[in-house]
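Side-chain atoms are counted along with the backbone in the values below, which use heavy atoms only and exclude waters and symmetry mates. Every chain is numbered from 1 and lettered A, B, ... according to where its sequence line falls, protein lines coming before strand lines.
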Amino acid sequence: MAKFDMNDDNVVVIIGTGAGGGVLANELAQKGVKVVAFEAGGRHLPEDYVNDEWGSFAQISWLDTRTTSGNFRLAKDFSGLPSWIVKAVGGSTIHWAGASLRFQEHEWKARTTYGDVQGASLLDWPIDGEELAPYYSKAEEKLRVTRTGDREGLPGNNNYKVFEAGAKKLGYKDVHTGRMAINSRDYDDYAACQQTGFCFQGCKWGAKWSSAYHDIPLGEATGNLEVRENAQALKIEHDDTGKVTGVLYADKDGNQHLQKARIVCVAGNSVESPRLLLNSASNMFPDGLANSSGQVGRNYMRHMTGSVYAVFDQPVRMWRGTTMAGIITDESRHDPSRGFVGGYEMETLSIGLPFMAAFLDPGSWGREFATALDSYENMAGMWLVGEDMPQETNRITLNHDIKDQHGLPTPNVHFDDHPNDVAMRNHAYQQGMAIYDAMGATRAFPTPPYPSTHNMGTNRMSEKPRDGVVNRWGQSHDVKNLFVSDGSQFTTGAAENPTLTIVALAIRQADRIASEMSKGNI
Amino acid sequence: MEEVRKLSRRDLLRQSVALGTVFVMGTGFIAAPNAAWAVEVKHLKPQTMATLIQMARDIYPHDHVGDEYYAKAVKGYDSADAMAGVEAGVEALDAVAAGRGYGNYLSIGWERDRVDILRSMEQSPFFQQIRGGLIVGLYNQEAVWPMFGYEGESFSKGGYINRGFNDINWV
């Protein structure tokens, strides 16, 4: 395995090894580019994962101190855990459900399509679906996405059967077991899905794609990629021409080192990535690196989310099989007659009894709550995920009052629901409950959002430098050898689960970086 | 948790006071009336532990889950660190009960009357500490999962591919 010198200033340093950083690292390594990838967590592989919700939570979650503010309910229920992401090689691709959807064409042009939505900082992406289409295809091949290419869909489980039958009773047309990055047949390296459940806890079969055991080892096998584990990036350094020169990081013992770099790519998810840029402020860049627009940390999006669980008079046993086992896409269209712009997806979801107790209705107690759990075996469930409005004031800032283990300011996550988010959530709750009512549900629960798994937009992509942080390639408007490679570059969030788009952008960015390097431009 | 132990009926005959649905024994134990289990109490007053168990059941009442599991869920408060806060919390709870004409919290016969008292102190740090602790303390006990039908770990059994992932018969 490669090992690069701290003073090697020809390496590309990537911060983070998830859907963005992990894929970018492999793609660059395959092209012969020397890469050092920092990962704040350790390495956990399928044999290490546990079918145990709280056990897994302790094993892989990002639990560093964060604070929250704003009117979203998470600020009250889970004030120290605004986002639910992974600290390990592979990042949140260990935890993700596997839903792999392309954006719809109109979603690349949210400002044009939705118009001037009061309070929203909508902007069109500088790229569109046509430009990303070949990269989406590559991403679908890499992730072995079901129902794309020649790959079959997964079989539907109990939770899906209730969902599908209810959807059809309501007249929904586009209902299937999803486009999932989960093997629907055996491959040479990993087997087909065994319907084990516990997709969120890391797939012990390796049947779900994760950069932890796909891209990272493939990249390492080239001899061009060194993954430095338990390495927390603290600050990006630059020279007096304004080009970045290296990354200061802390190793597992807290000792600090400086790794020199030709190019730095930030992919620490949408809370840590802007935090690192803000913590990299200097005399030349007093408001933070890449922040001449003042947009670093702003326009934080977390998707409109919510869940509907419902109880029936007979068992469902929703936990058996794929956690996210199917989708209804009919509501993902843009149709302002529903009272909001943008759309949402409905996707089956199950959580085990331990998480159900924590998330069904946080803070609730007494017989109303307890009897809901008494019917756990008879529950079906779905997740609602839709486009939320970017707002300048929804942002990651530095909390200088609370320092982390390295003495650096911690991130504060501020989020106020936009009226459009609230209207969409209420519509989604009504439709979700109607699906289960149609199947004879005896009780239904419109369940509030979980800590955010989809974090987007805090270093957004923009045509004009004043509107965002990075250009159409994810390259900083201000610093040409600095890139953003994760979901924080999203201009808007669309209704779809973000991972496939993050992966497609990373593959595309790797092409661009390699090409610019060979031309001597960076 | 091994502190929750099986107890012979003969042991129980030496018990002293019955409180709520559990017995407080004279020797630092509280036990089930049917001798199915007992908890040793090292730091808290036995009555305090008995009150905590009743309070836990009133917060998350599952009639098919025995007191033993509620006892396990609150056993962690029987520690030198937690003792002072919990004794003070239960004292406050009993004071509210006394103010409403009851002897103490445990002596209240109807769940609704106990729950009224809990609602009145719902925002207190003590109530939130006990309620929050139960989320993991009660529901993350593997032994209670089958009582809710939840099957837990499945990888070692090969998942559900051949064990009923799609066996629903009423759709």
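Heavy atoms from other residues, nucleotides or ligands lying under 6.0 Å from CD of Glu47(A) number more than 12. No more than 12 heavy-atom neighbours from other residues, nucleotides or ligands sit within 6.0 angstrom of CD on Glu91(B). Heavy atoms of other residues, nucleotides or ligands lying less than 6.0 angstrom from CD of Glu111(B) number more than 12.
Among the candidates Val144(B), Leu118(B), Asp58(B), the residue making the largest number of heavy-atom pairs closer than 4.5 Å to chain A is Leu118(B). Interface summary for chain A: among Gly158(B), Pro61(B), Gly149(B), the most heavy-atom pairs under 4.5 angstrom belong to Pro61(B). Top candidate by heavy-atom pairs under 4.5 Å with chain A, chosen from Asp63(B), Val115(B), Val136(B), Ile59(B), is Ile59(B). Contact count against chain B (heavy-atom pairs under 4.5 Å) is highest for Gln314(A) among Gln201(A), Met318(A), Gln314(A). Here Lys161(A) is the residue among Glu53(A), Glu164(A), Lys161(A) with the most heavy-atom pairs under 4.5 Å with chain B. Heavy-atom pairs under 4.5 Å with chain A were tallied for Asn169(B), Asn140(B), Val65(B); the largest tally goes to Asn140(B).
For Arg119(B), the salt bridge (charged side-chain N to carboxylate O under 4.0 Å, His left out) test picks out Glu122(B), with sequence neighbours left out.
The structure places CG of Asn162(B) at 10.5 Å from CD of Gln195(A), a figure rounded to the nearest 0.5 Å. Atom CH2 of residue Trp205(A) and atom CD1 of residue Ile161(B) lie 10.0 Å apart, to the nearest 0.5 angstrom.
For Leu138(B), no part sits under 4.5 Å from any heavy atom of chain A, backbone or side chain. Looking at Phe355(A), neither its backbone nor its side chain comes within 4.5 Å of chain B, counting heavy atoms on both sides.
Chain B is approached within less than 4.5 Å, heavy atom to heavy atom, by Gly363(A), Ser364(A), Trp365(A), Gly366(A), Arg367(A), Phe369(A), Ala370(A), Leu373(A), Asp374(A), Tyr376(A), Glu377(A) from residues 360-381 of chain A, ordered by number.
Checked options Ile168(B), Asp167(B), Asn166(B); the residue passing with Arg320(A) is Asp167(B) (criterion: side chain to side chain contact (heavy atoms under 4.5 Å, CB included)).
The shortest non-hydrogen separation linking Pro354(A) to Tyr139(B) is CG-O, 3.8 Å.
In summary, Arg317(A) and Glu151(B) do not engage in a salt bridge, as defined by a charged side-chain N under 4.0 Å from a carboxylate O.
Ser154(B) places a side-chain N or O within 3.5 Å of a backbone atom of Thr196(A) that can act as its donor or acceptor partner.
No side-chain heavy atom of Phe155(B) sits less than 4.5 Å from a side-chain heavy atom of Tyr49(A). Contact of the Val316(A) side chain with the Trp170(B) side chain is registered, since non-hydrogen atoms from C-beta on lie closer than 4.5 Å.
Using cut-offs of 30° and 60° for the angle between ring planes, the Trp319(A) and Tyr150(B) rings count as perpendicular.
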